Amino acid sequence: AQSVTQPDIHITVSEGASLELRCNYSYGATPYLFWYVQSPGQGLQLLLKYFSGDTLVQGIKGFEAEFKRSQSSFNLRKPSVHWSDAAEYFCAVVPLGHKLSFGAGTTVTVRA
Amino acid sequence: EAGVAQSPRYKIIEKRQSVAFWCNPISGHATLYWYQQILGQGPKLLIQFQNNGVVDDSQLPKDRFSAERLKGVDSTLKIQPAKLEDSAVYLCASSPRTSGGEETQYFGPGTRLLVL
């Protein structure tokens, strides 16, 4: 079945450390790819998106993501996390001609 | 630019009662979406409107859920009667283009529903 997988349910990282969140998809063709962040009690905010072109995408809040076709992955990274980055992160894809599908999310906890 | 507005932000009802949620999309956005987000899961599409017409309502439980977008702007999602399993966050999103293209969806803050 076609799907979006975020293998890590919960990640804890120290403030100032690097962060990487994994996302894999299983669709035949390369879909459009998104990362959203959801802070507690808030809606989803778009961090970045990939449609085509350069496979390294820069987003807001210092985040970046790299599309790797060979691995069907679109991992999100941040070199140095801040306490305000504690939130839930969702990878989402739009296969050509289909609707937006979300992964189950990864909760990030930042410790001092 | 104002974002997607939703109200109420929180709602607590008893099972078998009815409830309605309201959404005002970003000005000029033709496409409007309603999602249901159950705790611990990603959002799931309930219904998609293009202007005031329904594009996709395949995941909408039509025996109890209904939605409308009469003038192609604001939208209302209704649940009648509510069940315990309807407890979730209901998210509204809008995008400037039709589905399948390079549109980006912008989300509102959501309405948290608790059914007791």
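Nothing here was measured: the structure is a model prediction, and the numbers come from that model. Every heavy atom of this structure was used, including side-chain atoms; hydrogens, water molecules and symmetry mates were not. All chains are named by letter (A, B, ...) in the order of the sequence lines, taking the proteins before the strands, and each is independently numbered beginning at 1.
Around atom CD of B:Gln41, more than 12 heavy atoms belonging to other residues, nucleotides or ligands sit under 6.0 Å away. For B:Leu84, the CG atom sits in a packed shell: over 12 heavy atoms of surrounding residues, nucleotides or ligands are nearer than 6.0 Å. Atom NZ of B:Lys62 is surrounded by more than 12 heavy atoms from other residues, nucleotides or ligands within 6.0 Å.
B:Val73 and B:Leu77 sit in two unconnected hydrophobic clusters of ILVMFWY residues. Membership requires side-chain heavy atoms under 4.5 Å apart, directly or through other members. B:Val55 and B:Phe65 are assigned to two separate hydrophobic clusters, defined by single-linkage of ILVMFWY side chains at heavy-atom distances under 4.5 Å.
For A:Gln38, the part sitting under 4.5 Å from any heavy atom of chain B is the side chain, from C-beta outward, and nothing else. For a residue to count as touching a neighbouring chain, one of its non-hydrogen atoms must lie under 4.5 Å from one of that chain's; by this rule A:Leu46 touches chain B with the side chain only.
Shortest non-hydrogen contact noted between A:Gly43 and B:Leu91 is CA-CD2, 4.2 Å.
Contact of the A:Phe51 side chain with the B:Thr104 side chain is registered, since non-hydrogen atoms from C-beta on lie closer than 4.5 Å. Considering only heavy atoms from C-beta on, B:Gln37 comes within 4.5 Å of A:Phe90 through its side chain.
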Side-chain polar contacts of residues 106-116 of chain B - donor-acceptor pairs under 3.5 angstrom, sequence neighbours left out - could you list them?
| residue | atom | partner | partner atom | Å |
| --- | --- | --- | --- | --- |
| B:Thr111 | OG1 | B:Pro8 | O | 2.5 |

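To the nearest 0.5 Å, the span separating CD on B:Gln105 from OH on A:Tyr36 amounts to 5.5 Å.
Heavy-atom pairs under 4.5 Å with chain A peak, among B:Gly40, B:Pro43, B:Ala93, B:Gly42, at B:Pro43.
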Fill in: side-chain contact (heavy atoms from CB on, under 4.5 Å) assessment of A:Leu100 paired with B:Tyr33
CA-CA 10 Å; A:Leu100 187 65; B:Tyr33 312 80; over 6 Å; no
